[in-house]
Novice: 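Below is one structure. I have some questions about it.
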Amino acid sequence: AAANTAADVALRLVRPGKKNTDVTEAIQKVAAAYDCKIVEGVLSHQLKQHVIDGNKVVLSVSSPETTVDEVEFEENEVYAIDIVASTGDGKPKLLDEKQTTIYK
């Protein structure tokens with residue numbers, strides 16, 4: 001429920017004139033209301049034609065080691081919003097030593 005509500009809130013905030021930091025703050029507030037944590041290292045990217053990881057990025061969790069430039073959303077931009085919530089400490093764990101490969 002926390003990830004679904006956070007996605008709904010993020011969807012409403014990705015509008016012209018709003019900033020990516022507004023979305024990050026709102027996602028964290030929703031997770032806190034559900035007594036959950038958003039998993040660190042998950043980024044949401046702007047999508048462009050033939051490019052799935054655009055230059056504009058929305059952080060799910062703001063932290064000192066992960067920073068992005070503050071940007072303002074503009075008309076006709078498209079974003080893929082990724083939200084992963086956890087009832088644990090919000091950090092991904094390595095379950096086995098096998099290497100994972102993702103092809104884009």
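Throughout, numbering of the chain's residues begins at 1 and tracks the sequence.
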Novice: Please say whether more than 12 non-hydrogen atoms of neighbouring residues, nucleotides or ligands are located less than 6.0 Å from CD in E65.
Specialist: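 It does: E65 CD has more than 12 such atoms within range.
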
Novice: Do the side chains of V58 and L47 join up, straight or via other hydrophobic residues, at under 4.5 Å, putting them in one cluster?
Specialist: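 Different clusters.
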
Novice: Taking all non-hydrogen atoms of both residues, which atom of P16 and which atom of E74 are closest, and how far apart?
Specialist: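 Minimum heavy-atom contact is CG-C, 4.1 Å.
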
Novice: Test side chain to side chain contact (heavy atoms under 4.5 Å, CB included) on I81 and I83 and set out the steps.
Specialist: CA-CA 7 Å; I81 303 296; I83 298 174; 3.9 Å; yes

Novice: Has the side chain of S44 got a donor or acceptor atom that lies under 3.5 Å from a matching backbone atom of D82?
Specialist: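 Yes.
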
Novice: Under 3.5 Å, which donor-acceptor pairs do the side chains of residues 21-35 form with other protein atoms, sequence neighbours left out?
Specialist:
unit_1: D22; atom_1: OD2; unit_2: K19; atom_2: N; d: 3.1
unit_1: T24; atom_1: OG1; unit_2: N20; atom_2: O; d: 3.2
unit_1: T24; atom_1: OG1; unit_2: L59; atom_2: O; d: 2.6
unit_1: Y34; atom_1: OH; unit_2: T5; atom_2: OG1; d: 2.9

Novice: Within the 4.5 Å heavy-atom criterion, are E77 and K56 side-chain neighbours or not?
Specialist: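 Result yes, sub-4.5 Å side-chain heavy-atom pair found.
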
Novice: Report whether V14 and I38 are members of the same hydrophobic cluster (ILVMFWY, side-chain heavy atoms less than 4.5 Å apart, transitive linking).
Specialist: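 Same cluster.
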
Novice: Are F73 and V68 linked, directly or through intermediate hydrophobic residues, by side-chain heavy-atom contacts shorter than 4.5 Å (ILVMFWY only)?
Specialist: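 No, no single cluster joins them.
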
Novice: If you look at every heavy atom in V42 and V39, which pair is closest and at what distance?
Specialist: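 Where V42 meets V39 most closely, the heavy atoms are CG2-O, 3.6 Å.
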
Novice: Quick check: is V78 connected to I52 through a chain of hydrophobic side chains (ILVMFWY, heavy atoms under 4.5 Å apart)?
Specialist: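 Per the 4.5 Å side-chain linkage, I52 and V78 are co-clustered.
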
Novice: Looking at every non-hydrogen atom in both residues, tell me the closest pair between A2 and C36 and how far apart they are.
Specialist: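 In terms of heavy atoms, the two residues are closest at CB-SG, 4.0 Å.
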
Novice: When rounded to the nearest 0.5 angstrom, what is the spacing between CG in N55 and NZ in K48?
Specialist: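 Result: 5.5 Å between the selected atoms.
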
Novice: Could you check K18 against E72 for salt bridge (charged side-chain N to carboxylate O under 4.0 Å, His left out), going step by step and ending with a plain yes or no?
Specialist: CA-CA 6 Å; K18 296 286 187 178; E72 188 173 306; over 6 Å; no

Novice: From K37 NZ over to S60 OG, what is the distance, rounded to the nearest 0.5 angstrom?
Specialist: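 So the NZ of K37 and the OG of S60 are separated by 15.0 Å.
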
